[in-house]
There are 2 protein chains.
Amino acid sequence: MNTKKYCPLDHTMNLIGTKWKPIVLFHLLDGALRSGVLQKKVPGISNKMFTQTVRELEKDGLVERIVYPVVPPKVEYGLTERGKSLKTILLSLDSWGANDTSNKLV
Amino acid sequence: MNTKKYCPLDHTMNLIGTKWKPIVLFHLLDGALRSGVLQKKVPGISNKMFTQTVRELEKDGLVERIVYPVVPPKVEYGLTERGKSLKTILLSLDSWGANDTSNKLV
DNA sequence: TAACTATAGCACTTTTAGGTAAGTTATTGT
DNA sequence: ACAATAACTTACCTAAAAGTGCTATAGTTA
């Protein structure tokens, strides 16, 4: 028996409710990317926050980390099936922002 | 001429990319609510964060603050048209979390 | 042999988010 | 007279998030 009542958005916010996670996930929608390439696509993120963000996304099963045993290191990040299920939401978020009036007028 | 390139999700994240904003907005989807009622619907939020959150949402034109000049005070919050345009996204976020497997199995 | 590479970890500091408790308001009911 | 009320506001403090700079790795190329 579960005594905790359902709290709207609670689960979702715990998984992707941070500043960087949706942005990182968004850039993986078109396919896996090398670590450095992905990081460059996220303007303003620090090295530390990037690592921390993808680590959490990996822990939560939203992204997959593929390590190639070469030197210098090569690591790719891609969406898992669970991560891909966010596609609609991520595209909606982006297109909302792109179409929102204040984005154009200010 | 605008020299800044378009950064996906940047605008969206600036407006609603915090822990509390999506939750507050979600609870207003069915119509305006009195301040106290709305706050009770957001579990775990402190009085201070609630006030701060709705103030920012108001500043950004996503919610409307309606003050009734009575004593004791009566204040209602409702979505603006701009706020209502988030409806699809908010519902998607909620239903994603509700259907996400790990939410059931863990 | 020394520099370069891509990725990430670590220690340290700063910045921001957030919590707690108190005070403010003006009218109504006791 | 005074307590109760709803919605804040402020001051003060702690905890969490995030930035900065340094380190390690090991094979390839100059």
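Numbers restart at 1 for each chain; the letters A, B, ... are given by sequence-line order, proteins then strands. Treat the numbers as computed from the prediction; the structure is a model and nothing was measured.
In plain terms, the two heavy atoms of L86(B) and L62(B) that are nearest each other are CD1-CD2, 4.0 Å.
Using a 4.5 Å heavy-atom threshold, the side chains of F26(A) and L28(A) count as separate. Considering only heavy atoms from C-beta on, L91(B) comes within 4.5 Å of L29(B) through its side chain. Between I16(B) and L93(A), the closest side-chain pair of non-hydrogen atoms falls below 4.5 Å. With contacts defined as side-chain heavy-atom distances shorter than 4.5 Å, the pair F50(B)/L38(B) qualifies. In this structure, the side chains of I23(A) and P8(B) stay at 4.5 Å or more apart for every pair of heavy atoms.
Using a 4.0 Å cut-off, no side-chain N or O of Y77(A) falls inside it from OP1 or OP2 of dT7(C).
Near DNA chain D, meaning a heavy atom under 4.0 Å from it, residues 24-42 of chain A has no residue at all. Residues from residues 48-59 of chain A with heavy atoms under 4.0 angstrom of DNA chain D, sorted by number: K48(A), M49(A).
The NZ-P distance, from K19(B) to dA17(C), rounds to 13 Å in whole Å. K74(A) has its NZ atom 19 Å from the C1' atom of dC4(C), to the nearest Å.
Residue pairs satisfying the side-chain hydrogen bond (donor to acceptor under 3.5 Å, both in side chains) criterion with at least one member in residues 15-27 of chain B, sequence neighbours excluded, are listed as follows: K21(B)-E56(B). Within the structure, the side-chain hydrogen bond (donor to acceptor under 3.5 Å, both in side chains) test picks out no pair touching residues 29-46 of chain A (sequence neighbours left out).
With hydrogens and angles ignored, the 3.5 Å screen pairs no side-chain donor or acceptor of T80(A) with any backbone N or O of E64(A).
Checking D100(A), N99(A), D94(A) one by one against H11(B), the side-chain hydrogen bond (donor to acceptor under 3.5 Å, both in side chains) holds for a single residue, D100(A).
Between P72(A) and I45(A), the one whose closest nucleotide on DNA chain D sits nearer the 5' end is I45(A). Toward the 5' end of DNA chain C, the nearer of the two residues E76(A) and V71(B), judged by each one's closest nucleotide, is E76(A).
Boundaries of the chain B contact region on DNA chain D are dT5(D) to dT9(D), first to last in 5' to 3' order (nucleotide atom under 4.0 Å from a heavy atom).
A search for salt bridge (Lys or Arg N to Asp or Glu O under 4.0 Å) contacts involving K87(B) returns nothing, not counting sequence neighbours.
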